[in-house]
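Notes follow once the structure below has been shown.
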Amino acid sequence: MRVCPSALRACAVTAQALRSRQKPRLLPGVTEPVSEKRPQAVFLIDEGKDVLSDITTDAVIIGAGPCGLFQVFELGLLGISAHIIDSLSIPGGQCAELYPEKPIYDIPAIPVCGAQELVDRLMKQIEPFKPTFHLGEEVVEFARREDGRFKVGTSAGTVFNAGTVVIAAGVGSFQPRRIGIEGADVFEGTGIHYRVKNSSHFHGKRLVIFGGGDSALDWVLELAPKAHSVTLVHRRPEFRAAPASVAKMRDLVSAGQMKHFEGLPHALITEGDVLQGVHIKLKDGESHALDADHVLVFFGLSPKLGPIAQWGLELEKKALKVDTEKFQTSLPGVFAIGDINTYPGKKKLILSGFHEAALAAFAIQHHLFPQKKQFLQYTTTSPIMHQRLGVPD
Ligand code: FAD
C-alpha cells in the first residue's frame, strides 16, 4: 500500500461509536455527528483530503454494508487486505441506516440478531484484518487502467490504484433527501445544508432546522446553545428521534431558548443572492416567515445507484450482472456482491451476500495471483488462517 503517511491517522472507531449520535462531534472525513463513546476496535480511517499520491492496494470494496464488511473477512482469510469506501459516515449499509433497531431472524446460527448488532459483530469479526475505512466518501470515478488495474476515485479526492474492485453498493449510495422548494439548489452548501461539515460555521447564526429524526434533533441540541437562534420545523407532532432528545428539545422550547413549529417548507426568502429565511406552511395552511442565515435539512437519505450505472458494466434492471462461480461482472477483475448484483435465482438476502463474498474472495485471489495454487482451508484447523486471525493454533 502506497499512501502519503500524513494522510493516514489511526482513529479508534467502532460501528457503535460511529452510529451513536448522542453527543455530536466531527471526526476527520466524517460529516455526521458521532459519539465520544469508548471504542472497542481500532481501524484506520483515511482522511483522504490531502493524499498526495494514489493509494495502491490489492482490493477496493465499494460499500460498507453487511456484504462489503464480510468481503473484508473472506479476503482477509486469504491474506488479502482491503480498503473499504462508503458514502455514509457509518458502516452497516441498510442495516445501520434503515433499520438498526429491528431484529433479523435469518442469519445462520443466530436465532435473532438486531440489525445494528449484526453490523457490530461483523466489525468485530473483521478486526484482525485491519481494513482501512473511507467513510463519508462517495465513489464517483471508476476506470480500467492500461495495465489492467483499476482507478477508483471518491468525492473527497481519494484515488486508488486497485488490483481488483468489489462493488457491494447495495441499493446504491445514500443521498440526502432535498428540501424540494424552488431555488433551493442555488443555495446548496451556502445557505442550505444537508450535512454539517463544520459546526462552528453555524455559531452565532440564525438557524432553521428541518426534520424529526436523530440527525435533526442532535444538531438542534448541539447548536441551540451556540447559535444566535434555532428554530426546529417538523411536519408532524411525532418524532422519529430518540425520546430523550425530543424531551430535551421541548425543555429548551419551554425555557425560551429555541422555537419549534409543526409545518412544511414552502418558499425561500432571499435578497439578491443572499438567503434571508424561509416561509413555512403551518398545519392550518397559514404561511409563516422564519428569518435564517442558514437552513439545515435532515429529511433522511434515499439510495441512488448513481455513478455505478455509468461505468460500462453490464446491467439488468439496475443491478450488475454477475456469474455464479466468481460473482464477477462483465469486466474481469471487477466483482459485485450483495443487493447490487443479479443472476438467475438471485435473492436479496444478507446470507446470499455472505456466500457471494466467500466465492468472490477465491476469484479475487486467483485474479491477483493466477500462479498461486488454491486450497480450501478450514478456519478450525489451518495454521495460516489462525495466524491471520491472530488466534492460537
Ligand atoms: P447495503 O446494505 O445496501 O450497503 C451498501 C452500501 O454501499 C451503503 O452503505 C451505501 O451507502 C454504499 N454505497 C453505494 N454506492 C456507493 C458509492 N458509489 N460510493 C460509496 N458508497 C456507496 N435481509 C435479510 O437477509 N434478512 C432480513 O431480515 C432483512 N430485513 C430487512 C428489513 C428492512 C427494513 C430492509 C430495508 C432490508 C432488510 N433486509 C433483510 C435486506 C438487507 O438489509 C440487504 O439485503 C442488505 O443490507 C444488503 O447488503 P449490501 O451490503 O449488499 O448492501
Side-chain angles (χ1 to χ4, degrees), residues 15 18-19 29-32 46 48 60-74 82-119 122-123 126 133-142 152-160 162 165-176 195 240 300-311 313 318-320 322 327 334-343 346-357 360:
L18 282 164
R19 205 181 73 73
V30 174
T31 50
E32 297 233 339
D46 187 348
V60 160
I61 301 168
I62 304 172
C67 303
L69 294 177
F70 197 62
Q71 186 69 74
V72 170
F73 181 77
E74 288 295 327
H83 283 253
I84 182 160
I85 311 165
D86 206 298
S87 51
L88 292 175
S89 58
I90 50 167
Q94 294 173 53
C95 294
E97 191 59 41
L98 300 183
Y99 60 106
E101 314 287 343
K102 287 200 167 32
I104 303 177
Y105 299 98
D106 57 349
I107 302 299
I110 306 180
V112 57
C113 180
Q116 182 59 42
E117 182 192 347
L118 177 71
V119 176
L122 286 164
M123 292 290 279
I126 64 178
F133 278 81
H134 304 260
L135 299 177
E137 298 189 34
E138 186 186 13
V139 175
V140 289
E141 197 189 350
F142 168 85
V152 175
T154 77
S155 52
T158 315
V159 179
F160 300 87
V165 176
V166 182
I167 304 176
V171 283
S173 111
F174 288 99
Q175 302 291 320
R195 286 182 175 155
R240 268 188 305 111
L301 302 163
S302 66
K304 172 185 83 122
L305 191 57
I308 295 169
Q310 321 299 324
W311 293 346
L313 304 168
K318 294 192 182 168
L320 293 167
V322 292
F327 296 94
V334 180
F335 301 81
I337 60 158
D339 280 10
I340 191 82
N341 76 12
T342 186
Y343 51 84
K346 167 74 184 183
K347 298 285 177 282
K348 290 189 181 185
L349 288 171
I350 295 166
L351 74 88
S352 315
F354 286 173
H355 160 79
E356 294 159 15

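Just so you know, ligand 1 is whichever comes first in the structure, and atom 1 is the first atom listed for that ligand. From a predicted model like this one, the values you see are computed outputs, not experimental measurements. Just so you know, these numbers use all the heavy atoms, side chains as well, and skip hydrogens, waters and symmetry mates.
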Item to check | Spacing of Glu137 atom CD and Ile62 atom CD1 [to the nearest 0.5 Å] | outcome: 12.0 Å
Next on the checklist: Side chains of Thr154 and His134, heavy atoms from C-beta outward: is any pair under 4.5 Å?
Outcome noted: no
Checklist entry - Should Thr158 and His83 count as side-chain neighbours, where that means a heavy-atom distance under 4.5 Å? => result no
Item to check | Main-chain N/O of Gly353 paired to Lys348 side chain as donor or acceptor, under 3.5 Å | outcome: no
Checklist entry - Under the criterion side-chain contact (heavy atoms from CB on, under 4.5 Å), which of Trp311, Phe335, Phe142 is the partner of Ile167? => result Trp311
Checklist entry - Are the side chains of Cys67 and Ile340 in touch, meaning some heavy atoms are under 4.5 Å apart? => result no
Once you restrict both partners to nitrogen or oxygen, which atoms of ligand 1 have a protein partner under 3.5 Å, and how far apart are they?
residue: ligand 1; atom: 2 (O); partner: Gln94; partner atom: N; Å: 2.9
residue: ligand 1; atom: 3 (O); partner: Gln94; partner atom: NE2; Å: 2.8
residue: ligand 1; atom: 9 (O); partner: Asp86; partner atom: OD1; Å: 3.1
residue: ligand 1; atom: 9 (O); partner: Asp86; partner atom: OD2; Å: 2.7
residue: ligand 1; atom: 11 (O); partner: Asp86; partner atom: OD1; Å: 2.7
residue: ligand 1; atom: 11 (O); partner: Ser87; partner atom: OG; Å: 3.2
residue: ligand 1; atom: 15 (N); partner: Ser173; partner atom: N; Å: 3.2
residue: ligand 1; atom: 18 (N); partner: Val139; partner atom: O; Å: 3.3
residue: ligand 1; atom: 19 (N); partner: Val139; partner atom: N; Å: 2.8
residue: ligand 1; atom: 21 (N); partner: Ser87; partner atom: N; Å: 3.1
residue: ligand 1; atom: 25 (O); partner: Ile350; partner atom: N; Å: 2.9
residue: ligand 1; atom: 26 (N); partner: Asp106; partner atom: OD1; Å: 2.9
residue: ligand 1; atom: 26 (N); partner: Asp106; partner atom: OD2; Å: 3.4
residue: ligand 1; atom: 39 (N); partner: Tyr99; partner atom: OH; Å: 3.2
residue: ligand 1; atom: 43 (O); partner: Tyr99; partner atom: OH; Å: 2.5
residue: ligand 1; atom: 45 (O); partner: Asp339; partner atom: OD1; Å: 2.8
residue: ligand 1; atom: 45 (O); partner: Asp339; partner atom: OD2; Å: 3.2
residue: ligand 1; atom: 51 (O); partner: Pro66; partner atom: N; Å: 3.4
residue: ligand 1; atom: 51 (O); partner: Cys67; partner atom: N; Å: 3.0
residue: ligand 1; atom: 52 (O); partner: Asp339; partner atom: N; Å: 3.0

